Protein chains: 2
Amino acid sequence: MVKICNYGFDQEVIEEHRDIYGIAYTQNVLSGRYKNLIIWYLKEKNRRYNHIKKFLSDISQGSLTKQLRELEKDGIIKRTVYPEVPPKVVYSLTDKGKDLLSIIDLMESYGKRYGEQPK
Amino acid sequence: MVKICNYGFDQEVIEEHRDIYGIAYTQNVLSGRYKNLIIWYLKEKNRRYNHIKKFLSDISQGSLTKQLRELEKDGIIKRTVYPEVPPKVVYSLTDKGKDLLSIIDLMESYGKRYGEQPK
DNA sequence: CCGCATCCACCCGGATACTG
DNA sequence: CAGTATCCGGGTGGATGCGG
């Protein structure tokens with residue numbers, strides 16, 4: 001059994017289907033209830049912590065911070081602190097993060113096509 | 001607070017960012033540890049239950065059945081039962097499911113580009 | 001304003017045993 | 001072969017309180 005991210009596969013399965021590496025990795029980066037919404041929200045422009053918080057209306061502070069830290073750790077977003085009082089923190093997409101936008105854009109158009117339309 | 005799939009948003013947020021409907025919907029359809037791997041695996045050809053099981057080497061029977069049922073309920077895959085002994089069940093992608101392949105293909109190439117390469 | 005630390009609830013997925 | 005039924009453990013996200 002070979003470990004790939006959080007998945008385990010038989011050796012022979014891996015040899016026959018090498019593509020699963022890529023899928024597993026991306027799945028890992030995007031796994032998290034709010035991550036693709038955060039990335040999408042940073043597409044238009046950089047955002048401050050509180051803007052993201054208001055956007056994801058029902059997320060808790062603790063959860064938001066966790067998701068942001070993970071995205072930062074994976075190199076998807078960049079965190080910039082302005083040493084002011086009161087503090088100001090701005091999040092922006094890295095190049096690696098911007099490359100995810102094509103995926104999220106597809107998700108958006110797919111959902112628009114098949115999801116229930118808002119009334 | 002307006003409910004969209006499993007998310008809650010303020011009314012004004014929704015009015016300003018209607019695209020979140022699509023993202024939330026697609027996220028919902030693909031949420032599940034193994035779903036995009038299953039869809040990708042059905043891309044090449046239709047597969048029997050046990051083939052999928054062997055492909056996802058470390059998934060349990062119960063989990064696999066649950067994921068397949070959800071995908072079926074969302075109209076992503078089709079389940080065909082051949083009334084033989086022993087039983088034979090084949091899963092295939094619907095058109096709605098095939099439309100997800102563009103997303104998964106992008107995930108695959110993204111992961112190939114940024115993920116750690118297998119040794 | 002933007003966090004961290006802690007604790008907790010819930011749900012997904014895992015394990016096991018059993019059927020048509 | 002392809003499930004269903006049941007129970008259980010871990011991890012993710014929620015809630016709250018405190019701090020720079």
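Chain naming here is simple, since letters A, B, ... match the order of the sequence lines and numbering starts at 1 in each. Everything numeric in this text was worked out from a predicted model, so none of it was measured.
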Counterpart residues, salt bridge (charged side-chain N to carboxylate O under 4.0 Å, His left out), relative to B/Glu16 (two or more places apart):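 Salt bridge (charged side-chain N to carboxylate O under 4.0 Å, His left out) list for B/Glu16, sorted by chain: empty.
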
Helix axis bend for the helix from C/dC1-D/dG20 to C/dG20-D/dC1 - C1'-based end axes, five pairs, 10° rounding: 50°

Partner set under side chain to side chain contact (heavy atoms under 4.5 Å, CB included) for [X], not counting sequence neighbours:
| X | value |
| --- | --- |
| B/Asp95 | B/Lys98 |
| A/Thr94 | A/Lys78, A/Lys96 |
| A/Glu72 | A/Arg69, A/Ile77, A/Arg79 |

B/Tyr49: partners by side-chain hydrogen bond (donor to acceptor under 3.5 Å, both in side chains), with sequence neighbours left out: B/Thr65

Base-contact (B) and sugar-phosphate-only (S) positions in nucleotides 1-20 of chain D, heavy-atom cut-off under 4.0 Å, - elsewhere: BSBB--------BB-----B

B/Glu12, CD: over 12 other non-hydrogen atoms inside 6.0 angstrom: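 For B/Glu12, atom CD is not crowded (no more than 12 foreign heavy atoms under 6.0 Å).
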
Pairwise salt bridge (Lys or Arg N to Asp or Glu O under 4.0 Å) hits with a residue in residues 52-67 of chain B, at least two apart: none

Output all residues satisfying ring pair (Phe, Tyr, Trp, His ring centres under 6.0 Å) with [X], sequence neighbours left out; order by chain, then residue number.
| X | value |
| --- | --- |
| A/Phe9 | none |
| B/Tyr41 | A/His17, B/Phe55 |
| B/Tyr7 | A/Tyr34 |

First and last nucleotide of DNA chain C, 5' to 3', lying under 4.0 Å from heavy atoms of chain A: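 Counting from the 5' end, contacts occupy C/dC1 to C/dC4.
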
